[in-house]
Amino acid sequence: MTGKNYLAMDFGASTGRGIVGNFDGKRLTLREVHRFQNYFVPVAGNYYWDAFRLFHEILLAVTKAGHAEGTAGLYSIGIDTWGTDYGLLDENGQLLGNCRCMRGADGTYVEMVNREASPEYLFERTGIQTIYGNTLFQIYERVHCQDPAIREAKHLLMLPDLLAYFLTGEKHHEYTMATTSMMYHPLQRDWDRELLRKLKLPDHIFSDILMPAQTSFPLLPQILKECDARELRYVPVGTHDTASAVAAVPLRQREAFCSSGTWSLLGVETKQPVLTREVYEANFSNEGTVDGGIRLLKNIMGMWIVQQFMKEWEQEGQALSWDEVVGQASRIEAFRSFIDVEDPVFYQAGHMIQRVQEYCRKTNQPVPVSVGELSRCVYESLAMQYRKTFETLEHILGYRLEALRIVGGGCRNKMLNQFAANALKRPVYAGPVECACVGNILVQAMENGEIGSFGQLREAAADSFPVETYEPADMDLWDEGYEKYKAVMRAGAACMDYSD
């Protein structure tokens, strides 16, 4: 093994992992050194992340990596997480309470913001689709409620930047994460302070924005001592996990990507933001890439719904693996029931089985009850949503997309991969699984000079990991299913008042 070792800390909404990568100049090899469960905690009507526990998991991973690989050989660490969530620091640099989780949002403050700034105006300024948990709406809520923490805050740091601050003492924002906030102006390439002032939000709490792979920072001496390390640096990578994942996708021309996990983020890369009326009406977002470009994408509710199912089944004494869930879904008849995975009713945590059943009942479909019926309903609905998004992208771009590349933990789901190929009538290429970690590590290698360009980064990813191909099948049947799906979507749009 030659070359330096790099540690990727990849935080997902349900699990986190620390993975060490070694790049020998051509291929990357990975070794998982730490894996842990992640979860938010409901307290008094709000949901919170335990930021200090997440930081503790980083320290454990660094310590384990040092013992496994030899401390002197571990060069740097990069962090990536989901988007939009953040922490607040006081004038002494202390965390003002635990970090809120976006899943607590119910849309109330979206409506309030829209009275002062219309959805069209917000999109024109930021290029971001309206999602209940966008950072903008979270901050507006705290200002409106006169939250003491937001009054006392001297700095806001997005979650990966907060964890990096704990490691280094440096307060900064990373580009790809800043773009998820709905407070970044993609044409001005800075925080949209005019928008912040319009909504009477504090603009002094936002720091400078750094680009990935452009710099690194030494870890604090006390952190090195805690982890029994002599020297270690932090590299701002694509700190939004989808940005790191897409960086490592071996995309060819006229191919789309889907980063599949709690969310399914499906889109294409562009050099500049696309801020047209058509993109706004399709509810797409313009988010940053690690090389300073744009991911034009749709945030689709991904494995979140099934993750919530699994929690409910476990509470009922039925702990199931993902393979067991897929196995039961495979025995259910096709196209029995559909849901609109974009419907806000499925955004919040809790009572997810009841929410899905109520949607099916109100749209006059068979109501799914069993594990197989519920999960197949979601997987088929996701595949159909992929097709709808794919077709919208093609219309926006003005050309045919030739294939979809699915990466991330969701690409392990062979059933969903095949469903996607069938629905799209295009090849689907699945892998790598740990794509966020791959991109994270290779960006660190780029900062260290081991990789010279973004193109070489992608070549290294393609040379290092196998990709599984799914060819479309049963296309006529899936065309019929798509027509049924569209009819259900129309019925769902006609009855928007859902009960919990």
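No experiment lies behind these values; they were computed from the predicted model shown.
With sequence neighbours left out, the ring pair (Phe, Tyr, Trp, His ring centres under 6.0 Å) criterion links Tyr386 to no other residue.
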TODO: Determine, step by step, whether Val306 and Val325 satisfy the side chain to side chain contact (heavy atoms under 4.5 Å, CB included) criterion, reporting the C-alpha distance in whole Å, the side-chain angles of both residues, the deciding distance to 0.1 Å, and the verdict.
DONE: CA-CA 9 Å; Val306 181; Val325 171; 4.3 Å; yes
Open item on the list: Run the ring pair (Phe, Tyr, Trp, His ring centres under 6.0 Å) test on Phe166 and Phe52 for me, step by step, so that the C-alpha distance in whole Å, both residues' side-chain angles and the decisive distance to 0.1 Å come before the verdict.
Closed with: CA-CA 9 Å; Phe166 292 159; Phe52 294 128; 5.6 Å; yes
- [ ] For the pair Leu195 and Tyr121, evaluate side chain to side chain contact (heavy atoms under 4.5 Å, CB included) and give the outcome as yes or no after the intermediate values.
- [x] CA-CA 10 Å; Leu195 173 61; Tyr121 177 83; 3.8 Å; yes
Task: Verdict with reasoning, His240 to Trp82, per ring pair (Phe, Tyr, Trp, His ring centres under 6.0 Å) - done: CA-CA 6 Å; His240 186 210; Trp82 61 93; 10.0 Å; no
Task: Verdict with supporting geometry, Asp85 and Trp49, side chain to side chain donor-acceptor pair (under 3.5 Å) - done: CA-CA 9 Å; Asp85 287 340; Trp49 300 108; 2.8 Å; yes
Task: Step-by-step ring pair (Phe, Tyr, Trp, His ring centres under 6.0 Å) determination, Tyr347 to Tyr132 - done: CA-CA 8 Å; Tyr347 181 84; Tyr132 285 179; 5.8 Å; yes
- [ ] Just do the ring pair (Phe, Tyr, Trp, His ring centres under 6.0 Å) check on His34 and Phe36 with the steps written out, would you?
- [x] CA-CA 7 Å; His34 186 49; Phe36 51 93; 5.2 Å; yes
- [ ] Determine, stepwise, if the pair Leu297 / Phe257 fulfils side chain to side chain contact (heavy atoms under 4.5 Å, CB included).
- [x] CA-CA 9 Å; Leu297 58 78; Phe257 63 80; 4.2 Å; yes
- [ ] For the pair Val110 and Thr108, evaluate side chain to side chain contact (heavy atoms under 4.5 Å, CB included) and give the outcome as yes or no after the intermediate values.
- [x] CA-CA 6 Å; Val110 176; Thr108 300; over 6 Å; no
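For the pair Arg53 and Tyr39, the cation sits on the ring face: its NZ or CZ lies under 6.0 Å from the ring centre, inside 45° of the axis.
Between Lys298 and Glu342 there is a salt bridge, since at least one side-chain N of the basic residue sits less than 4.0 Å from a carboxylate O of the acidic one. Taking a cutoff of 4.0 Å between a charged side-chain nitrogen and a carboxylate oxygen, Glu281 and Arg277 qualify as a salt bridge. We find that Glu32 and Arg35 are joined by a salt bridge, their nearest charged nitrogen and carboxylate oxygen being less than 4.0 Å apart. Between Arg197 and Glu194 there is no salt bridge, since none of the side-chain N atoms of the basic residue sits less than 4.0 Å from a carboxylate O of the acidic one. Arg233 has no carboxylate O lying under 4.0 Å from a charged side-chain N of Glu447, or vice versa, which leaves the two without a salt bridge.
The neighbour count for Gln222 CD, taken as heavy atoms of other residues, nucleotides or ligands under 6.0 Å away, is above 12. Enclosure of atom NZ in Lys486 by more than 12 non-hydrogen atoms of other residues, nucleotides or ligands within 6.0 angstrom is indicated. Sparse packing is recorded around CD of Glu152, with 12 or fewer heavy atoms of other residues, nucleotides or ligands lying under 6.0 Å away.
The shortest side-chain heavy-atom distance between Val326 and Tyr379 falls under the 4.5 Å cut-off. Using a 4.5 Å heavy-atom threshold, the side chains of Leu7 and Val33 count as touching. Inter-residue side-chain proximity for His172 and Phe217 is flagged as met; some heavy-atom pair is nearer than 4.5 Å. Taking 4.5 Å as the limit, some side-chain heavy atom of Leu266 sits within range of a side-chain heavy atom of Ile300. For the pair Thr135/Met182, no side-chain contact is recorded, criterion being any heavy-atom separation below 4.5 Å from C-beta on. Contact annotation: the side chain of Glu170 never approaches that of Tyr165 to less than 4.5 Å [non-hydrogen atoms, C-beta and beyond]. Counting only heavy atoms from C-beta outward, the side chains of Leu89 and Leu157 approach each other to under 4.5 Å. Using a 4.5 Å heavy-atom threshold, the side chains of Arg295 and Asn286 count as separate.
No donor-acceptor pair closer than 3.5 Å links the side chain of His144 to the backbone N or O of Tyr109. Side-chain atoms of Ser264 never come within 3.5 Å of backbone atoms of Ser260 as a donor-acceptor pair (strictly under, hydrogens ignored). Between the Ser285 side chain and the Gln129 main chain, a donor and an acceptor come within less than 3.5 Å of each other. In terms of modelled atom types and a separation under 3.5 Å, the side chain of Ser337 and the main chain of Pro366 share a donor-acceptor contact. For the pair Asp203 (side chain) and Arg193 (backbone), a donor-acceptor distance under 3.5 Å is absent. Side-chain atoms of Gln357 come within 3.5 Å of backbone N or O of Pro368 as a donor-acceptor pair. Panel note: side chain Glu174, backbone Met177; a donor-acceptor pair is recorded below 3.5 Å. Gln444 places a side-chain N or O within 3.5 Å of a backbone atom of Ile77 that can act as its donor or acceptor partner.
Side-chain contact check for Ser381 and Gln385: no donor-acceptor pair (N or O, by modelled atom type) lies under 3.5 Å. Residues Asp323 and Ser321 have side chains that never bring a donor and an acceptor to within less than 3.5 angstrom of each other. For Thr15 and Arg17, the side-chain atoms include at least one donor-acceptor pair closer than 3.5 Å.
Looking at every heavy atom in both residues, Ala420 comes nearest to Ile406 through CB-CD1, 4.3 Å. Scanning all heavy atoms of the two residues, the minimum distance from Leu162 to Gly87 falls at CD2-CA, 4.1 Å. Taking both residues in full, the closest heavy atoms of Asp10 and Asp241 are given as OD1-CB, 4.0 Å, listed atom of the first, atom of the second, then distance. Here the closest heavy-atom approach between residue Ala319 and residue Glu324 is recorded as O-OE1, 4.0 Å. The two atoms that bring Pro186 and Thr126 nearest to each other are CD-O, 3.6 Å, heavy atoms only. Of all heavy-atom pairs spanning Asn38 and Gly12, the tightest one is ND2-O, 2.9 Å.
Using cut-offs of 30° and 60° for the angle between ring planes, the Tyr359 and Phe346 rings count as tilted.
Distance check, rounded to the nearest 0.5 Å: CZ of Arg189 to NE2 of His185 gives 12.0 Å. Atom CD1 in Ile128 sits 6.0 Å away from atom OG1 in Thr179 (nearest 0.5 Å). Here the OG atom belonging to Ser375 is positioned 7.0 Å from the CD atom belonging to Gln328, to the nearest 0.5 angstrom. Note: Ile441 CD1 to Glu434 CD = 9.0 Å, rounded to the nearest 0.5 Å. How far CD1 of Ile332 is from CD of Glu373: 5.0 Å, rounded to the nearest 0.5 Å. Of the inter-residue distances, the one linking Leu122 atom CG with Met183 atom CE reads 11.5 Å to the nearest 0.5 angstrom.
Applying the side chain to side chain donor-acceptor pair (under 3.5 Å) rule to pairs touching residues 303-315 yields Thr262-Gln307, sequence neighbours excluded.
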List the atom pairs, with distances to 0.1 Å, where a side-chain N or O of residues 92-102 and a protein N or O form a donor-acceptor pair under 3.5 Å, not counting sequence neighbours.
unit_1	atom_1	unit_2	atom_2	d
Asn98	OD1	Ala51	N	3.1
Arg100	NH2	Asp147	OD2	3.2

